Amino acid sequence: LGAGPLAGKRVIVTSGPTQEPIDPVRYISNHSSGAQGTAIARALAGLGAEVVFVTGPAQVAPPPGVEVVRITTAQQMLDAVQAALPADAAIFAAAVADWRVAEVAGSKMKKTEGALPTLSFAENPDILATISQMKKGRPALVVGFAAETDDVLANATAKRARKGCDWIVANDVSPGTGTFGGSENTVHIVREDGVEDWPRMGKQEVADRLARRIAEALHG
Ligand code: C5P
């Protein structure tokens, strides 16, 4: 058995973007690099947790010492998270596509002279809300993220209530903050009993500090 404050605890971490297919060669996705989720998985494993790392196609490699589950779509991510239960905690750092293409073409869509294709969308499952609202077998601690450009704390507080998670890690991603694609982050931990404002720090430092908080919460 491993050592550390999270030894014997099982934690699921989602990370990276999802990809939603249009046809066999095209997809819709987003710019998530997977950096913050990967840093969190590394930090949790470093404290001795058994980590299931459910990741979309990310720019950064998964950390060592975790069980990696690679998925592409939001539905596959939900399936993988549910298959990884039961867990003591679940940290949802992935940038999940809100919509998928309603009818994925079975063969490559052809470019047709004088005609543009139209895409219809269907709503993807909200993984954070689904797991947060489980009636039986819910992880003791469920953490979501909120990237906001305005009214960061008000929006994150509303999101915490709407999703039903325990904590929201909120960050300001307004242009000019340098958070998107940068190596630093300024976050606020929104809990039921109030908000903790953390100073600006590196993303790995955010992850290390969050992992320590998670260890405290699981023992408290
Ligand atoms: O609603 P919004 O996308 O802003 O919420 C962000 C949080 O919800 C993140 O923790 C993200 O991983 C999670 N999420 C999810 N499934 C979705 C959409 C968001 O788990 N379909």
Side-chain angles (χ1 to χ4, degrees), residues 11-21 27-41 43-44 51-60 62 69-85 87 89-102 121-134 138-139 141-174 177 179-180 185 187-192 195 203 206-207 210-211 213-214 217:
V11 186
I12 300 169
V13 179
T14 71
S15 184
T18 66
Q19 282 180 359
E20 308 297 332
Y27 60 83
I28 292 168
S29 191
N30 62 67
H31 287 297
S32 168
S33 67
Q36 188 66 79
T38 300
I40 291 165
L44 291 165
V51 178
V52 182
F53 185 65
V54 181
T55 180
Q59 304 291 318
V60 297
V69 182
R70 294 177 196 277
I71 55 82
T72 53
T73 69
Q75 183 61 55
Q76 289 167 358
M77 183 172 273
L78 174 61
D79 293 344
V81 167
Q82 287 175 327
L85 292 170
I91 318 302
F92 294 105
V96 183
D98 291 312
W99 311 285
R100 66 178 176 277
V101 175
F121 292 92
E123 200 167 328
N124 269 333
D126 189 317
I127 303 162
L128 171 61
T130 301
I131 300 304
S132 295
Q133 293 165 27
M134 284 175 71
R138 179 192 190 276
L141 181 68
V142 179
V143 181
F145 284 71
E148 308 280 354
T149 55
D150 309 275
D151 301 322
V152 176
L153 289 182
N155 284 322
T157 301
K159 183 166 295 184
R160 199 193 79 83
R162 191 167 66 244
K163 304 255 191 181
C165 60
D166 299 294
W167 304 349
I168 286 276
V169 180
N171 57 358
D172 186 342
V173 294
S174 310
T177 60
T179 298
F180 249 148
N185 207 348
V187 307
H188 313 270
I189 312 298
V190 179
R191 297 184 309 230
E192 186 171 27
V195 179
K203 287 183 178 175
V206 168
L210 186 64
R213 278 284 183 286
I214 291 166

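First listed ligand is number 1; within each ligand, the first listed atom is number 1. Below, all heavy atoms of this structure are taken into account, side chains as well, without hydrogens, waters or symmetry copies. Quantities reported herein were computed from a predicted structural model and do not represent experimental measurements.
- Counting heavy atoms from C-beta outward, Y27 and E20 have side chains that stay 4.5 Å or more apart.
- Remark: A39 engages Q36, R42, Q204, A207 in a side-chain contact (heavy atoms from CB on, under 4.5 Å) (not counting sequence neighbours).
- The list of salt bridge (charged side-chain N to carboxylate O under 4.0 Å, His left out) pairs with a residue in residues 154-165, not counting sequence neighbours, reads D126-K163, E148-K159.
- Contact of the F145 side chain with the I91 side chain is registered, since non-hydrogen atoms from C-beta on lie closer than 4.5 Å.
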Nitrogen or oxygen contacts under 3.5 Å, ligand 1 side and protein side:
from: ligand 1; atom 1: 1 (O); to: K163; atom 2: NZ; distance (Å): 2.9
from: ligand 1; atom 1: 4 (O); to: K159; atom 2: NZ; distance (Å): 2.4
from: ligand 1; atom 1: 5 (O); to: K163; atom 2: NZ; distance (Å): 3.1
from: ligand 1; atom 1: 8 (O); to: K163; atom 2: NZ; distance (Å): 3.3
from: ligand 1; atom 1: 10 (O); to: F92; atom 2: O; distance (Å): 2.6
from: ligand 1; atom 1: 10 (O); to: F145; atom 2: N; distance (Å): 2.8
from: ligand 1; atom 1: 12 (O); to: F92; atom 2: O; distance (Å): 3.1
from: ligand 1; atom 1: 12 (O); to: A94; atom 2: O; distance (Å): 2.7
from: ligand 1; atom 1: 16 (N); to: I127; atom 2: N; distance (Å): 3.0
from: ligand 1; atom 1: 20 (O); to: L128; atom 2: N; distance (Å): 2.9
from: ligand 1; atom 1: 21 (N); to: P125; atom 2: O; distance (Å): 2.8

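- Of the possible donor and acceptor atoms, one in the side chain of S29 sits under 3.5 Å from a partner among the backbone N and O of T18.
- Qualifying side-chain contact (heavy atoms from CB on, under 4.5 Å) partners for Q75, counting only residues two or more places apart in sequence or in other chains: T73, L78, D79, P125.
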